[in-house]
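Please read the structure below before turning to the comments.
Model, not experiment: these values are computed from the prediction.
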2 protein chains.
Amino acid sequence: MTEHCPHSETASCTLPSSEQVKVLLDQAVSLCEQRNLRFTELRKQVLELVCRADQPVGAYQLLDELREQGRSAAPPTVYRALDFLLEQGLVHRLATNNTYLACAHPQKPHAAVFLVCSQCGQTQEVHTRGVIEVVKQQAEKFDFRVTHASVEVAGLCHSCQSQKEGAQ
Amino acid sequence: MTEHCPHSETASCTLPSSEQVKVLLDQAVSLCEQRNLRFTELRKQVLELVCRADQPVGAYQLLDELREQGRSAAPPTVYRALDFLLEQGLVHRLATNNTYLACAHPQKPHAAVFLVCSQCGQTQEVHTRGVIEVVKQQAEKFDFRVTHASVEVAGLCHSCQSQKEGAQ
DNA sequence: GATATAATGTTACATTATAACATAACATAT
DNA sequence: ATATGTTATGTTATAATGTAACATTATATC
Ligand SMILES: [Zn+2]
Ligand SMILES: [Zn+2]
Ligand SMILES: [Zn+2]
Ligand SMILES: [Zn+2]
């Protein structure tokens, strides 16, 4: 899950804290109301599952969990819900490992950078205007009009670095 | 295919030019020699196919083309060759569309940014130290040790922008 | 040549995602 | 309240991407 964070340049956006699930769901409700869209039970269930996961989850894991909740579900069930949530900016998709995670601040559209620990899987969404601005600058040099930038950084999170050092 | 380019900050690295295939293959040969690795016929065939493509290609398209060349090939055939080429930095993989393209300057390991036109598929590899350095800076703020950054930018290339404007 | 190592062949399967069409729920207007 | 169009979901089948496991072949080294 993700914690609502102050929208500062250096804040991490994905400190897990299951307290905050309800906040995100409420945000989703009002956001869909504003946009005159249906936040259906299915969509709510899927968003809640994504929020409760402490790491990005795969579509088929979500499918299993929906079924465990007694819901009749097939792949299109979950992919359609995810498509909706992606379009509304409520979740992000990580292309490098085909997983989905809740957006930490869905109120405003934003460019995001993801720090994915290759050891433990923990993933942080960070909003750093800097990276995206540099990307846009560079793209402009090539007459390239950016619509979306996927920035996914693999490496070691702090705690996994310590473990490795300890093992040496 | 990709043209060998001056290693300047603003140079595009993937101006198609099938003249340059041989250059890249020769580079691959000497590079594998230096590293005491076998640049086998299969690996050469796959690299050549990737080089000759004017856009990033999928693994199964490469598989088809290998078969058209009379080679007995199954999925592992092409994935193993691609794995080798990826490890040696001779090709890159685009996570956002599961495709592979020849590296424009395999001599030196480097961080790359890819500009992927969502209209026509044309993809440029650009080496822009700036982006990667900003990514690293940001990651450091979160005690995150970067090992690899995947930066894939979707948008419109120059020629597709003109077409859209013309259509208005 | 014998032996170990690396590469490829081959079969089967896992994982991720979508197409196509039927049904159900919802909104709006008579 | 019913009819009607629209949106969402159910359901089946299949496409697209990627890997595991083991047999065989080629290559290097002794
Ligand atoms: Zn976000
Ligand atoms: Zn970690
Ligand atoms: Zn490259
Ligand atoms: Zn284009």
- request: Hey, could you give me each pair passing salt bridge (charged side-chain N to carboxylate O under 4.0 Å, His left out) that has a residue in residues 24-48 of chain A? Not counting sequence neighbours.
  value: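 Those involving residues 24-48 of chain A are A:Lys22-A:Asp26, A:Glu48-A:Arg52.
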[X] [atom1] - [N] [atom2] separation (whole Å):
X	N	atom1	atom2	value
A:Asn98	D:dA16	CG	C1'	12 Å
B:Lys44	C:dT8	NZ	P	14 Å
B:Glu33	D:dA28	CD	P	12 Å
B:Asn97	D:dG18	CG	C1'	15 Å
B:Leu85	C:dT8	CG	C1'	15 Å
A:Gln61	C:dT16	CD	P	10 Å
A:Leu63	C:dT16	CG	P	11 Å
B:Leu82	D:dT19	CG	P	11 Å

message: Restricting to ring-ring contact (aromatic ring centres under 6.0 Å, His included), what partner residues turn up for A:Tyr79, sequence neighbours left out?
response: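 Per chain and number, A:Tyr79 pairs via ring-ring contact (aromatic ring centres under 6.0 Å, His included) with no residue.
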message: Less than 4.0 angstrom between a side-chain N/O of A:Tyr100 and OP1 or OP2 of C:dA17, yes or no?
response: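 Looking at the OP1 and OP2 atoms of C:dA17, one of them is under 4.0 Å from a side-chain N or O of A:Tyr100.
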message: Counting only side-chain nitrogens and oxygens, does B:Tyr79 get under 4.0 Å of the OP1 or OP2 atom of D:dG18?
response: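 It does, given that an N or O in the side chain of B:Tyr79 lies less than 4.0 Å from OP1 or OP2 of D:dG18.
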message: Once side chain to side chain donor-acceptor pair (under 3.5 Å) is applied, do any residues pair with B:Thr96, and if so which ones, sequence neighbours excluded?
response: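 Partners of B:Thr96 under the side chain to side chain donor-acceptor pair (under 3.5 Å) test: B:Glu152.
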query: With sequence neighbours left out, what residues match B:Val57 under side chain to side chain contact (heavy atoms under 4.5 Å, CB included)?
result: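 Expected list: B:Val50, B:Ala53, B:Gln61, B:Leu62.
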- prompt: Can you list the residues that meet the side chain to side chain contact (heavy atoms under 4.5 Å, CB included) rule with B:Ala73, with sequence neighbours excluded?
  reply: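 Side chain to side chain contact (heavy atoms under 4.5 Å, CB included) list for B:Ala73, sorted by chain: B:Leu63, B:Leu66, B:Arg67, B:Arg71, B:Thr77.
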- prompt: If the sugar-phosphate is the primed atoms plus P, OP1 and OP2 and the base is the rest, what is the B/S/- string for nucleotides 4-15 of chain D, using protein heavy atoms under 4.0 Å?
  reply: ---SSBBBB---
- request: Would you please classify the geometry between the B:His110 ring and the B:His127 ring as parallel, tilted or perpendicular, with 30° and 60° separating the classes?
  value: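 It falls in the perpendicular class, over 60°.
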